[in-house]
Amino acid sequence: MVAWSGGFTAKDYQAFGRGLKEAVLQQIGMPTCVGIAPTKTLAKLANRAAKKIPRLGGVFTLDIDVRREWVLRHFGTRDVWGIGARISARLADLGIHTAYDLAKAGPKDIRKQFSIMTERTVRELNGEACFELEQQPKPKQQIICSRSFSRKIYDRVELEQAVSTYAERASEKLREQDGLTQQLLVFVDLMKNGNRWGRQRLVKLDMHTNDSRVIVQAAKQAVSGLFQKGEPHHKAGVMLLELIDRKPEQLHFFTPQQSEKSRCLITSVDAVNKRFGRDTLHLASRGIAPTWTLARRMRSPAYATRWEDLPRVKC
């Protein structure tokens, strides 16, 4: 999908789309389709047309009104980006079935009956750019790491190992977006009398940090109040809250701060794991050879990186 704001001819756009498609196929080996239009919503619709209509050759450019009207008439409201099944059904009750019908609807009337986002979608279908293109994904407001266990856990040490694993992984994600946290939520799910129920504990840290050691230690302490002796624990997780950007960081004279020594150490650990593989270095609180494992029944095979995942053919 490509959106533009003018400045090139239609021939340039078409050539650019074909070149982009061929480059991705050659360098990555992934077949793609390219949709080019003046707005984000139209570009996504053009991309959908490029996928569904073979004669377009995988590239479709909405550079003139005739093409834009054609694609709007041939796709329903459900095919428009941002229009879900529920909104599409409500639009159908109003006699709006195609993307063209939606584009011809009054933006102000649509806003009164739906929302400002739906109004912006209508304006985008008419060539008015309302949604900005994001070059980088926005930082997450919350980070959660949670998994079910392959077997029920009855031992407190094993539960601490699992929570430590999730807390360390969540800390890594936090550092990837160069963020800090001061609050985390630790939760566990149990089975009792055939019913599932959960417990959780909110932990407030003394300072904003992204140090795995601090976060893991706080998560482990929370386990002591969540563990139920003799009860089967089948899931646990850690959620990081109150996330802020590390730069600029709001400091306070009376509040402790993460030391530079801590940041250098964690940065070094991340660099080693990035170079030699995840979990090359990790905290001992996760266990050296844990007997519990994560439930990974839905994990996709890694054909390109794991020998054991390669399909075997016997002739």
Side-chain angles (χ1 to χ4, degrees), residues 1-8 10 13-14 16-17 20 32-144 146 177 179 185 198 200 239-245:
M1 180 199 73
V2 178
W4 89 90
S5 58
F8 298 99
Y13 284 123
Q14 201 69 17
F16 174 78
L20 182 62
T32 57
C33 292
V34 180
I36 305 175
T39 68
K40 196 172 183 178
T41 303
L42 283 175
K44 287 180 176 288
L45 197 59
N47 180 265
R48 186 170 182 83
K51 290 179 182 179
K52 298 296 183 181
I53 306 174
R55 62 186 177 87
L56 295 177
V59 179
F60 193 37
T61 304
L62 301 183
D63 54 336
I64 55 178
D65 292 339
V66 174
R67 290 183 179 179
R68 181 176 63 85
E69 182 176 336
W70 181 87
V71 75
L72 291 176
R73 288 184 180 276
H74 282 77
F75 285 92
T77 56
R78 188 66 181 85
D79 297 311
V80 178
W81 176 60
I83 303 296
R86 187 174 299 178
I87 296 179
S88 181
R90 290 178 57 191
L91 289 171
D93 293 339
L94 299 176
I96 301 175
H97 302 280
T98 67
Y100 182 80
D101 297 334
L102 182 59
K104 292 301 180 182
K108 293 184 179 180
D109 295 334
I110 292 295
R111 179 174 181 174
K112 290 179 181 179
Q113 300 188 55
F114 295 92
S115 67
I116 187 173
M117 298 301 293
T118 310
E119 177 198 359
R120 290 175 179 174
T121 298
V122 173
R123 295 185 183 278
E124 286 242 334
L125 291 175
N126 287 282
E128 180 182 345
C130 298
F131 299 122
E132 296 182 0
L133 292 177
E134 300 174 0
Q135 301 297 329
Q136 295 291 338
K138 294 182 179 180
K140 297 179 180 179
Q141 300 300 313
Q142 298 177 345
I143 295 178
I144 183 172
S146 172
Q177 71 177 40
L185 180 72
Q200 62 184 26
M239 179 185 296
L240 304 183
L241 308 170
E242 291 191 9
L243 307 187
I244 63 171
D245 293 334

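Because the structure is predicted, anything quoted here is derived from the model rather than measured.
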Asker: Looking at NZ of Lys104 and CG of Leu72, how far apart are the two atoms once the value is rounded to the nearest 0.5 Å?
Answerer: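 Between atom NZ of Lys104 and atom CG of Leu72 there are 9.0 Å.
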
Asker: Indicate yes or no: at least one non-hydrogen side-chain atom of Leu243 is less than 4.5 angstrom from one of Gln177.
Answerer: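 Side chain of Leu243 against side chain of Gln177, heavy atoms only: contact under 4.5 Å found.
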
Asker: If you define the side chain from C-beta out and look only at heavy atoms, does anything of Phe131 sit under 4.5 Å from Met117?
Answerer: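 Yes, at least one pair of side-chain atoms sits under 4.5 Å.
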
Asker: I need the minimum non-hydrogen distance between Arg68 and Leu42, along with the two atoms involved.
Answerer: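 Taking Arg68 first and Leu42 second, the nearest heavy atoms are CD-CD1, 3.7 Å.
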
Asker: Give the intermediate values and the outcome of side-chain contact (heavy atoms from CB on, under 4.5 Å) for residues Val34 and Phe16.
Answerer: CA-CA 10 Å; Val34 180; Phe16 174 78; 5.9 Å; no

Asker: Rounded to the nearest 0.5 Å, what separation is found between the CH2 atom of Trp81 and the OG1 atom of Thr39?
Answerer: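 Those atoms lie 9.5 Å apart.
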
Asker: Taking all non-hydrogen atoms of both residues, which atom of Ala105 and which atom of Ile96 are closest, and how far apart?
Answerer: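 Scanning both residues completely, I find the closest heavy atoms to be CB-CD1, 4.1 Å.
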
Asker: Between Asp101 (side chain) and Thr98 (backbone), is there a donor-acceptor pair under 3.5 Å?
Answerer: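 Such a contact is found between Asp101 side chain and Thr98 backbone.
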
Asker: Evaluate side-chain contact (heavy atoms from CB on, under 4.5 Å) for Val122 paired with Leu102, printing each intermediate quantity in order.
Answerer: CA-CA 6 Å; Val122 173; Leu102 182 59; 3.7 Å; yes

Asker: Should Ile36 and Asp63 be marked as a side-chain contact (heavy atoms from CB on, under 4.5 Å) after you check the CA-CA gap, both sets of side-chain angles, and the distance that decides it?
Answerer: CA-CA 8 Å; Ile36 305 175; Asp63 54 336; over 6 Å; no

Asker: With distance as the sole test, does Arg67 use its side chain to make a donor-acceptor pair with the main-chain N or O of Thr61 at under 3.5 Å?
Answerer: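 Checking the backbone N and O of Thr61 against the side chain of Arg67, a donor-acceptor pair under 3.5 Å is found.
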
Asker: For the pair Arg90 (side chain) and Gln113 (backbone), establish whether a donor and an acceptor sit closer than 3.5 Å, ignoring hydrogens and angles.
Answerer: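 Yes, because the side chain of Arg90 sits within donor-acceptor range (under 3.5 Å) of the backbone of Gln113.
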
Asker: Hey, what do you get for CZ (Arg111) to CD1 (Ile116), rounding to the nearest 0.5 Å?
Answerer: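 Here the interatomic distance stands at 4.0 Å.
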
Asker: For Asn47 and Cys33, indicate whether the former's side chain and the latter's backbone hold a donor-acceptor pair under 3.5 Å.
Answerer: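 Flag set: sc Asn47 to bb Cys33 pair under 3.5 Å.
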
Asker: Any carboxylate oxygen within less than 4.0 angstrom of a Lys/Arg side-chain nitrogen, looking at Glu124 and Arg120?
Answerer: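 Judged by the 4.0 Å cut-off on N to carboxylate O distance, Glu124 and Arg120 do not form a salt bridge.
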
Asker: Could you tell me which non-hydrogen atom of Phe60 sits nearest to which non-hydrogen atom of Ala49, and how far apart they are?
Answerer: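 For Phe60 and Ala49, the tightest heavy-atom pair comes out as CD2-CB, 3.7 Å.
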
Asker: Check Glu119 against Ile110 and note the closest heavy-atom contact, atom names and distance.
Answerer: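 Heavy-atom minimum between the residues: N-CG2, 4.0 Å.
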
Asker: Please tell me whether Thr121 and Thr118 have a donor and an acceptor in their side chains that are separated by less than 3.5 angstrom.
Answerer: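 Short answer, no.
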
Asker: Distance from Glu242 atom CD to Gln141 atom CD, nearest 0.5 Å?
Answerer: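 Between atom CD of Glu242 and atom CD of Gln141 there are 11.5 Å.
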
Asker: Heavy atoms, side chains only, cut-off 4.5 Å: are Lys44 and Lys40 in contact?
Answerer: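 They are in contact (side-chain heavy atoms under 4.5 Å apart), so the answer is yes.
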
Asker: Minimum heavy-atom separation for Gly95 to His97, with atom names?
Answerer: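 Shortest heavy-atom separation between Gly95 and His97 comes out as O-CD2, 3.6 Å.
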
Asker: For a quick test of reading the model, state the closest non-hydrogen atom pair linking Leu125 to Ala99 and the distance between them.
Answerer: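 Of all heavy-atom pairs spanning Leu125 and Ala99, the closest is CD1-O, 3.9 Å.
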
